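Take a look at the structure set out below.
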Amino acid sequence: MKLSNLFLRLAVALALLGVGLGYFMGATHQFLLSPVHAHINLLGWVSMFLYGLFYRAAPDAAAGWLPKVHAALAILGLPVMMTGLTIQLLAVPSLMALVPPMMIAGPTLVVLGMVAFAAVVFRATDGRAVAA
Ligand code: HEM
C-alpha cells in the first residue's frame, strides 16, 4: 500500500477512536483519559492525516528508506505511548511495572518519527527536489 494511503486510512481510524473516546468522556463525565483522547486525536488523526496529505502532494518524497523508517516509528510509537499512558492514568496495579518502559519507548519512537519526517520534508524541499 502507498505510504500516503496507509497514513490517510490510519488517520481516520484514529479519528474515530479519538472522538469516540471524547464522546464517551463527555457522556459519562469521566475526564481521566483526556490526555489519551488529546494525543490520539493530535498525533493520530491530525499528524497522520498531514503525513498522508504530504506524501500524496509530494509522491517523490515517499521514495527510499527514510519515509519507511518514519512510518514505522510513527505507527509503532503511538500505540505504545497511548497504552502506557492509559495504564498510568487508570493506575492499574498489576500493569504499573509496564509504565516506565512504555512511557520511555513510546514517546522516543514518536519523537524519532518526527525527526525522520522533518528530514523527509527538508529533503523534498531543498530546491533540487521535483516540485509537487
Ligand atoms: C466529537 C469529537 C470530540 C469530543 C466529543 C471531544 C470531547 C472532549 C472532552 C469531553 C474533553 C475533556 C474536557 C475536560 O477535561 O473538561 C476533551 C478534551 C480535549 N480534546 Fe476533545 N473531543 C472531540 C474531538 C477532539 C479533536 C478532534 C481534538 C484534536 C484534534 C481534540 C482535542 C482535545 C484536547 C487537546 C483536549 C484537552 C485534553 C486535556 O486537557 O488533557 N478533541 N475533548
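In this text the structure is predicted, and so the values were computed from the model without any measurement. Note that ligands are numbered from 1 as they come in the structure, with each ligand's atoms numbered from 1 the same way.
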Quiz item: Under 4.0 Å from any heavy atom of Ser34, which atoms of ligand 1 are there?
Solution: 12 (C), 15 (O), 38 (C), 39 (C), 41 (O)

Quiz prompt | Gly26 neighbourhood, listing ligand 1 atoms whose heavy-atom distance to it stays under 4.0 Å | solution = 10 (C)

Quiz item: Against heavy atoms of Val46, which atoms of ligand 1 measure under 4.0 Å?
Solution: 30 (C)

Quiz prompt | Taking every non-hydrogen atom, the tightest pair across Leu78 and His39 | solution = CD1-O, 4.2 Å

Quiz item: Looking at atom 37 (C) of ligand 1, what's its closest protein heavy atom, distance included?
Solution: Ala38 CB, 4.5 Å

Practice problem: Please answer whether the main-chain N or O of Leu33 pairs with a side-chain N or O of His37 as donor and acceptor at a distance below 3.5 Å. | Solution: no

Self-check item: Element-labelled atoms of ligand 1 that are located less than 4.0 Å from some non-hydrogen atom of Gly22
Solution: 4 (C), 5 (C), 6 (C), 7 (C), 10 (C)

Quiz item: Do other residues, nucleotides or ligands put more than 12 heavy atoms under 6.0 Å from Tyr23 OH?
Solution: no

Quiz prompt | Phe117-Phe49 co-clustered via ILVMFWY side chain contacts under 4.5 Å | solution = no

Quiz item: For atom 25 (C) of ligand 1, what is the nearest protein heavy atom, given as residue, atom name and distance?
Solution: Asn41 ND2, 3.2 Å

Exercise. Please check atom 41 (O) of ligand 1 for a protein heavy-atom neighbour under 4.0 Å.
Key: yes

Quiz item: So which heavy atom on Ala61 is nearest to which on Tyr55, and how close?
Solution: O-CE2, 3.8 Å

Quiz item: Taking the six-membered ring for Trp, are His70 and Phe7 ring centroids under 6.0 Å apart?
Solution: yes

Exercise. Mark up the atoms of ligand 1 that fall under 4.0 Å of a heavy atom belonging to Tyr23, in ascending order.
Key: 5 (C)

Exercise. Determine the minimum heavy-atom distance between Ala119 and Leu66, stating which atoms define it.
Key: CB-CD2, 3.7 Å

Quiz item: Looking at atom 13 (C) of ligand 1, what's its closest protein heavy atom, distance included?
Solution: Phe31 CD2, 4.3 Å

Exercise. Could you check which of Leu21, Leu32, Leu42 puts a non-hydrogen atom nearest to atom 30 (C) of ligand 1?
Key: Leu42

Practice problem: Compare every heavy atom of Val36 with every heavy atom of Leu89, then report the nearest pair and how far apart it is. | Solution: CD1-CG2, 3.8 Å

Practice problem: Considering the heavy atoms of Val19, write down every atom of ligand 1 situated less than 4.0 Å from one of them. | Solution: 1 (C), 2 (C), 24 (C)

Quiz item: Should one rank Gln30, Met25, His29, His37 by closest heavy-atom distance to atom 23 (C) of ligand 1, which comes out on top?
Solution: His37

